[in-house]
Novice: 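Let me begin by handing over the structure; questions about it come next.
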Protein chains: 2
Amino acid sequence: MSVTAPRGFRAAGVAAGLKSSGLADVALVVNDGPDATAAGVFTTNRVKAAPVLWTEQVVRGGVVRAVVLNSGGANACTGAPGFQDTHATAEQTAASLTGSSARLILGAGEVAVCSTGLIGERLPMEKLLPGVRAAVRGLARDAGLAAAEAIMTTDTRPKTTVAAGTGWTVGGMAKGAGMLAPALATMLCVLTTDAVAGSEALDTALRAACRVTFDRIDSDGCMSTNDTVLLLASGASGIEPTQAELTAAVTAACHDLAQQLLADAEGATKQIAIDVTAAASEDDAVEVGRSVARNNLVKTALFGNDPNWGRILAAVGTTTAAFEPDQLDVAVNGVWVCRSGAAAEDRAKVDLGGRDVTIQVRLNAGTEAATVWTNDLSHAYVHENSAYSS
Amino acid sequence: MSVTAPRGFRAAGVAAGLKSSGLADVALVVNDGPDATAAGVFTTNRVKAAPVLWTEQVVRGGVVRAVVLNSGGANACTGAPGFQDTHATAEQTAASLTGSSARLILGAGEVAVCSTGLIGERLPMEKLLPGVRAAVRGLARDAGLAAAEAIMTTDTRPKTTVAAGTGWTVGGMAKGAGMLAPALATMLCVLTTDAVAGSEALDTALRAACRVTFDRIDSDGCMSTNDTVLLLASGASGIEPTQAELTAAVTAACHDLAQQLLADAEGATKQIAIDVTAAASEDDAVEVGRSVARNNLVKTALFGNDPNWGRILAAVGTTTAAFEPDQLDVAVNGVWVCRSGAAAEDRAKVDLGGRDVTIQVRLNAGTEAATVWTNDLSHAYVHENSAYSS
């Protein structure tokens, strides 16, 4: 059901010829209201793609009636002409939607745009604009999955989610299979809800959700130019949840999508949770988790089914978190191979045969905790990222 | 000639049985004086191996008459017993040297200790201590190469260097083939000189040299627990160079060894220089260089001979350096594939067939510059680091 699970939304996914494979590459999500409130979280990379610069403005405007997304081209590092392409895409979307229904009269400034694919090349507008028109014609209440499929790049499967409130719902779709990194990743995510919620409530919920989900996936430490997470509310349920209820549902949806992204990370054979506990602060726990998550030597060791806790300690040692080196404990899949900074239980007891790996790092410096998720570094990762120009 | 090129130094390399291969694994460098001044630079990892903690104290003491090094075990994350092992190694070295010659009377506090190999396991002292005694017996003026061979781990060849002053010389040896990272790497380096130089002059020269050589190699962004660079002066030439002369020769020796480390990095097929120019500050240039050097997507692209400048821009965008995204220029092997943040010359013109790659990043924000060196991320890197438990 994806983004069309909540009432008030239609979607479409069509093939415009941007992908040489001929697969679907243009998606559209339309908010039929009655409300059109929205919030957005964007890449913190200073090199931002044209659609990110555009959509930041749209979200700031407070009203988002549609999101048009394309795969097959990131429209990043394309200069002023690239920005004009994004503008033209929004204009086309607004014009076609306005012409399609008496219910909808909107301007380009109410249309968010997202792009993903190769950096540094202009989009083929002669294909994209007809694709936008086709997507408008194809809009349907049951096309949530088609939209999710149209935004896939190296993803092997579409990612969709639904989180239920009481009488209202959050739906979502995402794409991303690599460059998962701090403060988002090459990932696009559109969340929808039929709850009644103002832009501020949506913003609070979305930031809180991203902070503990997408922001804590660190697949390869690389941060994309295009990352965008949008949350649109139609208010069609007529129910206004509390902030806590809204945040909980949005967080559940983001968590589910984040885990799907991780499960589909390029070339990964392991899905690794790094639980950092007994930290002096949550920031310390996150810093330590990220440092382990990004360490290529830890990641290759896990690919080789080697519970190499020395590399984990070396990664922890590069952080500024509060801890004493001789008070660090480390467990791999429940076996405490390191206690007080030295060897403890027999590493041969660690079973790394499965896909799921849990690393526990106990800093013994406080009571805070955080979990960061990552993948291993495999031959397939090297292959996919050397062969695929993205 | 290595560490024995300057007058006043003897060395040895012997097999003590620490390596299962039976290859040499204990090295010894002895300073016969007349001086015994020294300086050291150590890993900034907060998880420091026992020999690092020991040797920091020795260098602080101001007199270093010998360095004993072992491969086949890092003696890191081994707790108080591991520190006692290091102490015992220094004691054995001091006792054996004192017994070997009327010229040498020294205490353990004048013996630096370095270890490299697997983290988290105790050293087999019943093999190491006899090895130290054998090394003392084997000391010779022409054993510099033997010492360099005895400190190899995954290195495929020994690394030695000589830099000539006027009437004095700097010699050196190093080991390291992976974990090359900021603020050193799993690397051990012993430099010697027969110049007359006080500890302060040596320290100034060594820090200046490391800052622009070892500290700017960033092979995989991982920082080891054992990194140590030592500089010992015998004064046997009777010549006291100026600070500038000393710094220049030590820098030349470090640069030569750093390039050898890079050339031998685990599984690398490319040797990559990242020249950052027109930066507002040298720190900015280094930050940008490191960010590109550590980016797995850039590194896999270069492994695949793909001049993917979009990934380079995305890496630059994660830094705090002064620049405007639409004023960035990037060249790969001399072809300016990106100008003003957008596509410029045809990327098909870039020849990535050879081992050497130069990436130029022009920030257009000032007049400072720096070069950071790295390698690509290859299948062999993944293989070696997943199969080798280090």
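A, B, ... follow the sequence lines: proteins, then strands. Residue 1 opens every chain. For clarity, every value in this text was computed on a predicted model and none was experimentally measured.
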Novice: Can you see which heavy atom on B:Asn45 is nearest to which on A:Ala314, and at what distance?
Specialist: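 Shortest heavy-atom separation between B:Asn45 and A:Ala314 comes out as ND2-O, 2.7 Å.
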
Novice: Do the non-hydrogen side-chain atoms of B:Leu313 and A:Ile119 ever get within less than 4.5 Å of each other?
Specialist: no

Novice: Using a cut-off of under 4.5 Å for heavy-atom pairs, which of B:Pro325, B:Cys338, B:Pro81 has the most such pairs with chain A?
Specialist: B:Pro325

Novice: Please look at A:Ala343 and chain B and tell me whether the side chain, the backbone, both or neither of the residue comes under 4.5 angstrom of a heavy atom of that chain.
Specialist: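 Both parts, backbone and side chain.
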
Novice: Under 4.5 Å heavy-atom distance to chain B, tell me which part of A:Thr319 shows up: side chain, backbone, both or neither.
Specialist: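 Both backbone and side chain.
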
Novice: What closest approach, in Å, do A:Gly79 and B:Ala342 show between heavy atoms, and which atom pair accounts for it?
Specialist: N-CB, 4.1 Å

Novice: If you take all heavy atoms of A:Gly317 and B:Val47, which pair is closest and at what distance?
Specialist: CA-CG2, 3.7 Å

Novice: In Å, rounded to the nearest 0.5 Å, how long is the span from CZ of B:Arg311 to SG of A:Cys77?
Specialist: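 Here the rounded value is 13.0 Å.
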
Novice: A:Leu302 versus chain B, heavy atoms under 4.5 Å apart: side chain, backbone, both or neither?
Specialist: neither

Novice: Nearest 0.5 Å please: distance from the CG atom of B:Asp326 over to the OG1 atom of A:Thr78.
Specialist: 11.5 Å

Novice: For B:Ala321, is there any backbone N or O sitting under 3.5 Å from a side-chain donor or acceptor partner on A:Arg46?
Specialist: yes

Novice: With side chains defined as the heavy atoms from C-beta onward, is the minimum distance between B:Thr318 and A:Thr44 less than 4.5 Å?
Specialist: no

Novice: With rounding to the nearest 0.5 Å, note down the distance linking CZ in B:Arg294 to CG in A:Asn296.
Specialist: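 Interatomic distance, B:Arg294 CZ to A:Asn296 CG, rounded to 0.5 Å: 11.0 Å.
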
